[in-house]
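Notes follow once the structure below has been shown.
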Number of protein chains: 2
Amino acid sequence: MDRPDVFLPPDDRLALDALSLLSNKWEPVVIAVLLESGPLRFSELEAAIPDISPNMLTKTLESLSEHDLIDRSVVTDSPLTVSYELTDAGRDLQPVFDSLIAWGSDHIGSVRPTVILGDRDRRLLELYGAWLDNEFDSQTVSDQAQLQRRFAETPDVVVFDIDLWDDDPPTFSRRCPGTTRRIGLVGDRPAPSLCAWPCDTFLRKPLRKDELIAAVDRQVERLGQPEPTREREAIESTLSLLEGTYSKQLLETDEHVAPLYDRLSSLDDSLRET
Amino acid sequence: MDRPDVFLPPDDRLALDALSLLSNKWEPVVIAVLLESGPLRFSELEAAIPDISPNMLTKTLESLSEHDLIDRSVVTDSPLTVSYELTDAGRDLQPVFDSLIAWGSDHIGSVRPTVILGDRDRRLLELYGAWLDNEFDSQTVSDQAQLQRRFAETPDVVVFDIDLWDDDPPTFSRRCPGTTRRIGLVGDRPAPSLCAWPCDTFLRKPLRKDELIAAVDRQVERLGQPEPTREREAIESTLSLLEGTYSKQLLETDEHVAPLYDRLSSLDDSLRET
DNA sequence: CTGTATCCCCATGGATACTG
DNA sequence: CAGTATCCATGGGGATACAG
């Protein structure tokens with residue numbers, strides 16, 4: 001981008017020149033990622049920026065190298081692995097990003113809640129995403145690895161099919177930020193074992209639009225809720241889902257569900273004390 | 001510019017969103033100009049940004065308005081005059097530009113001297129500009145008004161045909177920054193009256209490439225020279241030009257030139273004292 | 001003076017297939 | 001794993017003429 005001949009003091013032209021180095025689609029993204037994560041390999045950058053294609057990443061990295069914002073170094077020869085890291089000049093862009101963040105918080109203030117949608121079915125993902133786009137910043141993932149990475153952003157809400165998670169529920173519990181409200185998606189006839197999942201609520205597939213939006217809204221409203229209340233509501237929600245399918249008698253003797261009833265009474269007790 | 005789906009904390013995405021508001025050719029220029037000069041009218045913006053066409057300026061201003069970075073207000077209805085000024089959000093971009101300037105000074109450090117070329121003949125301007133482009137940041141103007149505006153940038157050197165300046169030499173002296181080294185362009189047979197022009201040196205047209213570059217180089221080397229030395233060299237240069245055309249006898253009695261000889265001896269005296 | 005309305009170019013970005 | 005090579009589409013940017 002060339003901007004010859006502007007009646008402006010040299011300092012301002014310098015700022016515009018600097019800005020033009022950041023004025024394309026992917027270069028600032030790569031810089032931001034490297035600022036956050038330190039040196040990364042080609043494949044790690046690809047993973048961190050899902051929407052970039054290998055050729056675009058190559059072009060971007062080449063351009064950044066030419067401008068001396070990143071260094072490329074070969075780690076191993078075979079198989080070939082390389083590492084990209086910021087140069088001093090690149091690292092010194094941190095204050096620029098800081099000032100942009102400060103401005104953004106003041107004037108974009110996009111406090112639209114962030115929602116991660118996770119499902120193996122990409123058609124469904126697209127549909128759900130479209131439903132939520134009016135009200136939320138939604139992003140979609142279609143496997144566990146992607147979902148885990150999204151957790152780094154501490155989204156406000158995660159809506160995910162529990163089948164998406166290959167590992168066990170405790171692993172999910174460890175990966176998912178505590179503050180993130182969790183909505184589990186289950187099949188039409190939920191198994192009692194679903195109560196092992198640390199979700200705030202569950203929705204049965206297939207979803208309806210209003211149902212999904214209402215559920216997400218409800219979770220967003222409850223952001224910052226004190227932990228005991230949150231846990232109580234989660235258990236109640238889980239139990240009420242199961243009670244719609246199974247008899248209470250059956251549930252109270254089920255190995256997965258019984259602990260929830262116990263936990264519920266103990267929570268009720270401690271809440272009654274206060 | 002859309003950058004969906006990046007694995008990055010919300011703050012960084014905010015920075016990228018903010019950045020994308022500044023990622024086109026003219027919007028940051030308009031912002032920078034308004035930050036420097038305060039509210040401006042459409043025509044003033046056109047003048048400050050010579051390379052923008054009216055339709056591009058319109059588009060740019062519309063886009064800036066949509067993003068709430070500038071406000072448009074009608075000053076008079078007929079003839080229609082409007083004024084554009086930064087909103088609070090726009091003004092708050094100053095720290096962003098500051099950080100860009102800081103980064104630029106550290107890492108672009110393009111300290112190529114800036115040279116303003118002034119001539120009524122645009123073909124010549126283009127030629128001279130091409131000659132200087134290897135070594136200098138040159139910009140061209142073809143009338144007095146443009147030259148005056150360029151002075152706001154305190155260029156390192158100005159090379160201008162003295163016929164370009166419609167007003168008298170004292171006016172030029174007042175407008176041109178003191179630190180800017182001045183090279184006057186004169187016809188083949190310079191009039192003695194040229195010594196009224198406050199130039200560091202003169203060149204006779206037509207110019208040769210090596211001659212022009214050498215002259216500009218010489219002036220750049222002398223940037224920051226103490227004033228008495230500068231004035232002495234300026235007078236010597238002026239006199240030697242005239243002495244190449246006229247007899248010394250004639251010059252010493254000329255009403256324009258005689259004061260220069262006097263001034264020269266008085267400068268020599270004061271220099272000898274130290 | 002302050003813009004519109006059209007038309008058009010080409011650089012940026014992207015899809016796809018292939019490779020050391 | 002870390003890229004290349006090719007081809008293609010879009011839309012940002014611009015030239016020109018016109019208008020309230």
Handout entry: Distance in angstrom units between Leu45(B) CG and dT2(C) P, rounded
Key = 10 Å
Problem - Phosphate OP1/OP2 of dA2(D): any Arg41(A) side-chain N/O under 4.0 Å - result: yes
Exercise for the section: Would you kindly give the CD1-to-P distance between Ile52(A) and dG13(C), to the nearest whole Å? Expected result: 10 Å
Handout entry: Gap between atoms CG and C1', on Asp51(B) and dA15(D) respectively (whole Å)
Key = 14 Å
Exercise for the section: Establish, with yes or no, whether the OP1 or OP2 oxygen of dG14(D) is under 4.0 angstrom from a side-chain nitrogen or oxygen of Lys25(B). Expected result: yes
Practice task
Counting heavy atoms from C-beta on, name the nucleotide in dT16(C), dT4(C), dG3(D) closest to the side chain of Asn55(A).
Solution key: dT16(C)
Exercise for the section: Write down the distance between CD1 (Ile70(A)) and P (dA2(D)), rounded to a whole number of angstrom. Expected result: 14 Å
Exercise for the section: Give a yes/no on whether any side-chain N or O of Trp26(B) is located under 4.0 angstrom from OP1 or OP2 of dG14(D). Expected result: yes
Problem - Stepwise side-chain contact (heavy atoms from CB on, under 4.5 Å) test for Val74(B) and Thr81(B) - result: CA-CA 6 Å; Val74(B) 175; Thr81(B) 55; over 6 Å; no
Problem - Rounded distance (Å) that lies between atom C1' of dT6(C) and atom NZ of Lys59(B) - result: 10 Å
Handout entry: Side-chain donor-acceptor contact under 3.5 Å, Glu27(A) with Ser63(A)
Key = yes
Problem - 5' precedence on DNA chain D between Leu80(A) and Ser53(B) (nearest-nucleotide basis) - result: Leu80(A)
Exercise for the section: Return the value, rounded to whole Å, for the distance between atom CE of Met56(B) and atom C1' of dA15(D). Expected result: 12 Å
Handout entry: Asp168(B) versus Thr171(B), side-chain donor and acceptor atoms under 3.5 Å
Key = yes
Handout entry: Asp166(A) atom CG: more than 12 heavy-atom contacts under 6.0 Å
Key = yes
Problem - Whole angstrom value for the distance that separates C1' of dG13(C) from CG of Leu61(A) - result: 15 Å
Problem - Contact under 4.0 Å: Arg72(A) side-chain N or O vs dG3(D) OP1/OP2 - result: yes
Practice task
Answer yes or no: does a side-chain N or O of Thr81(B) lie under 4.0 Å from OP1 or OP2 of dC1(C)?
Solution key: no
Practice task
Select base, sugar-phosphate, or nothing to describe what Thr58(A) touches, counting heavy atoms under 4.0 Å on all strands.
Solution key: base
Exercise for the section: Measure from the side chain of Pro54(A), starting at C-beta and using heavy atoms only, and say which of dT4(D), dT2(C), dA15(C) lies closest. Expected result: dT4(D)
Handout entry: Interatomic distance, Asn24(B) CG vs dT12(C) P [rounded to whole Å]
Key = 14 Å
Exercise for the section: Verify, without hydrogens or angle tests, whether Ser105(A) (side chain) and Ile101(A) (backbone) share a donor-acceptor contact under 3.5 angstrom. Expected result: yes
